[in-house]
Amino acid sequence: MATLRVRLTLALVGLVLLLGILHVGSTWITTEAYIREVNQKLNLDLAEKIAHETSLIRAGNVDSAALEELFHSLMVINPSIELYLLDPGGRVLAFSAPAGKVQLESVSLEPIQQFLEVDGELPILGDNPRNPDRRKVFSAAPIRPDGESIEGYLYIVLGGDLYDSAAERLAASYILRLSLWTGIAAVLVAVAAGLLIFGRLTRRLWALHRKVSRFESLQLGSKEKAIEAGDEIGRLESTFDGLVERVEAYLEETENLHRERRELVSSVSHDLRTPIAALSGYLETLQLKEETLSPEERREYVEIALRHSERLGELVDELFELTRLDAADVELNLEAFSLSELVQDNVQRFRLQAEQRGLEIVCHSPESLPQVVADIRLIERALVNLIENAIRFTAAGGRVEVGVEMENGLIEVSVEDTGQGIASSELPRIFDRFYRGRSATTDDRGSGLGLAIAHRVVELHGGRIVVKSEEGKGSRFSFSLAGVEAAAAG
């Protein structure tokens, strides 16, 4: 019922019904008026001829015998007419109707004068003495026994009560039934024609709606939206609006990717340029001043060049790793292992580096924790990046704590430091690529890829990294993994 085709068909049916009702009504009214007009025109001179040939009033008195004979003759010839003899003021003196049927004692003379003057359009309606509520067409003529003064009027009602009864039966038996069946037939034809015509007219619109719906079902960064109920136009509008939203979201996402790509290229260029320039500079110095440099100076230059070479290699490796993790077809090498042992091994690995920087690094890792199912190489990479980040941004005399514990049925790993912390304005961008926060204790700010890689690794395992930090009081990074039992249950 909500389709455009059905609505148009119903509108057509309603219009046909309305036009049918108006047509039947107007036909009935005009037909009745036409019958009255024809009847009055055919009997226009009837009263005048009767009054001229019959003496109805003699010496001011009604000739009852002549009047009765006249009434009898005319009722036999045409029982649908009614005759009334009026005095000059319109009072009824005699009539052809049965006794007790006449309700009016007088008849208005204004329609009679209008009829006698014949200056108006027919039909002209006058009073009906038997039924004051229904005016009738009539024929009238003045009675002049002496040929001069008017002694009264002969007033003939054309179509009395008997005529009305016959006309009503005729209308009920033929005209209205014919009109009713004609209207029903017109409605049925309109429904069939409407379904056919509007079906052909809306076929292309429905086909366009299906095409747009199929195009909208493409994954453009959002889930498929259910189409709202309505006709074809409403559904097409809803589908188009959803499509516009997806295209806008896709364009916005594309613009963000372009912006991030530009920033990435700019940051990569800057980070690669620094070690390459330093490496090139020291090697050129060695080449130009090889004979004048002492063995200690040459060794120092080589060590500096080697450090920049290693830094360059680390940066390239991180870029390659992040690119691989961002690939749509990245696959995880899942296996069960002890997260506690992995944390302990890596804390031990960084202990010497922390001591060289004057830091204390501790580990809280109970051995009773269940194993986890994950990609051990990627989880280790994320853990290493978090520990390196904590050491880099913690001043001498500080402390780095790495812990593992059960939290809400999951095994949580946390790395907490007593460094300078992160400003609240920097927290939303802390996991962006190449973003490096402020550091008041060191110029070794890293490449800005460590946290981005850790974030992506945890994301691939269905989790997320949570950071809590307060400027001047340190930071705490944590992520959770499901144990073997929880993973199997899920």
Say you draw a straight line from [atom1] of [X] to [atom2] of [Y]; how long is it, rounded to the nearest 0.5 Å?
{"X": "Glu341", "Y": "Gln371", "atom1": "CD", "atom2": "CD", "answer": "8.0 Å"}
{"X": "Lys473", "Y": "Ile422", "atom1": "NZ", "atom2": "CD1", "answer": "15.0 Å"}
{"X": "Arg377", "Y": "Glu380", "atom1": "CZ", "atom2": "CD", "answer": "9.5 Å"}
{"X": "Leu332", "Y": "Ile379", "atom1": "CG", "atom2": "CD1", "answer": "8.5 Å"}
{"X": "Glu471", "Y": "Ser425", "atom1": "CD", "atom2": "OG", "answer": "7.5 Å"}
{"X": "Glu401", "Y": "Ile361", "atom1": "CD", "atom2": "CD1", "answer": "10.0 Å"}

Measure the shortest side-chain to side-chain distance between [X] and [Y] over non-hydrogen atoms and say whether it is less than 4.5 angstrom.
{"X": "Phe479", "Y": "Val466", "value": "no"}
{"X": "Val415", "Y": "Leu383", "value": "yes"}
{"X": "Lys136", "Y": "Leu158", "value": "no"}
{"X": "Ile411", "Y": "Ser480", "value": "no"}
{"X": "Phe431", "Y": "Val467", "value": "yes"}
{"X": "Val137", "Y": "Ile124", "value": "no"}

- Message: Using a 6.0 Å cut-off, check whether atom CZ of Arg464 has over 12 heavy atoms from anything other than its own residue.
- Response: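 Count not over threshold, so no.
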
- Query: Take atom CD in Gln287; do more than 12 heavy atoms of anything else shown fall under 6.0 Å from it?
  - Reply: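 Check fails, neighbour count at 12 or below.
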
- Query: Stepwise, does the side-chain contact (heavy atoms from CB on, under 4.5 Å) test hold for Val373 with Glu335?
  - Reply: CA-CA 5 Å; Val373 177; Glu335 58 180 302; over 6 Å; no

- Task: Give the intermediate values and the outcome of side-chain contact (heavy atoms from CB on, under 4.5 Å) for residues Tyr301 and Thr285.
- Result: CA-CA 8 Å; Tyr301 281 14; Thr285 302; 3.1 Å; yes

Check: [X] side chain, [Y] main-chain N or O, donor-acceptor pair, under 3.5 Å:
{"X": "Glu360", "Y": "Val400", "result": "no"}
{"X": "Gln344", "Y": "Ser365", "result": "yes"}
{"X": "Ser475", "Y": "Ser469", "result": "no"}
{"X": "Arg36", "Y": "Pro123", "result": "no"}
{"X": "Thr254", "Y": "Tyr250", "result": "yes"}
{"X": "Thr394", "Y": "Ala390", "result": "yes"}
{"X": "Asn346", "Y": "Leu342", "result": "yes"}

Any ion pair linking [Y] and [X] (charged N to carboxylate O, less than 4.0 Å)?
{"X": "Glu412", "Y": "Arg476", "answer": "yes"}
{"X": "Arg456", "Y": "Glu459", "answer": "yes"}
{"X": "Arg399", "Y": "Asp417", "answer": "no"}
{"X": "Glu37", "Y": "Lys41", "answer": "yes"}

- Picking from Val413, Ile465, Ile387, Asn385, what satisfies side chain to side chain contact (heavy atoms under 4.5 Å, CB included) with Phe477?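 Only one of Val413, Ile465, Ile387, Asn385 forms a side chain to side chain contact (heavy atoms under 4.5 Å, CB included) with Phe477, namely Ile465.
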
- Item | Verdict with reasoning, Asn131 to Gln103, per side-chain contact (heavy atoms from CB on, under 4.5 Å) | CA-CA 7 Å; Asn131 190 350; Gln103 300 183 26; 5.5 Å; no

Considering all heavy atoms of both residues, which atom of [X] and which atom of [Y] are nearest to each other, and what is their separation?
{"X": "Ile391", "Y": "Ala354", "value": "CD1-CB, 4.4 Å"}
{"X": "Leu410", "Y": "Ala482", "value": "CD2-CA, 3.7 Å"}
{"X": "Glu297", "Y": "Thr292", "value": "OE1-O, 4.4 Å"}
{"X": "Ser340", "Y": "Val404", "value": "OG-CG1, 4.2 Å"}
{"X": "Arg134", "Y": "Asn128", "value": "O-CB, 2.9 Å"}
{"X": "Gly398", "Y": "Thr418", "value": "CA-OG1, 3.4 Å"}

- Val402 vs His364, side-chain contact (heavy atoms from CB on, under 4.5 Å): CA-CA, chis, key distance, verdict: CA-CA 6 Å; Val402 183; His364 305 287; over 6 Å; no

- List the steps, then state whether side-chain hydrogen bond (donor to acceptor under 3.5 Å, both in side chains) holds for Ser414 with Ser478. CA-CA 4 Å; Ser414 63; Ser478 63; over 6 Å; no

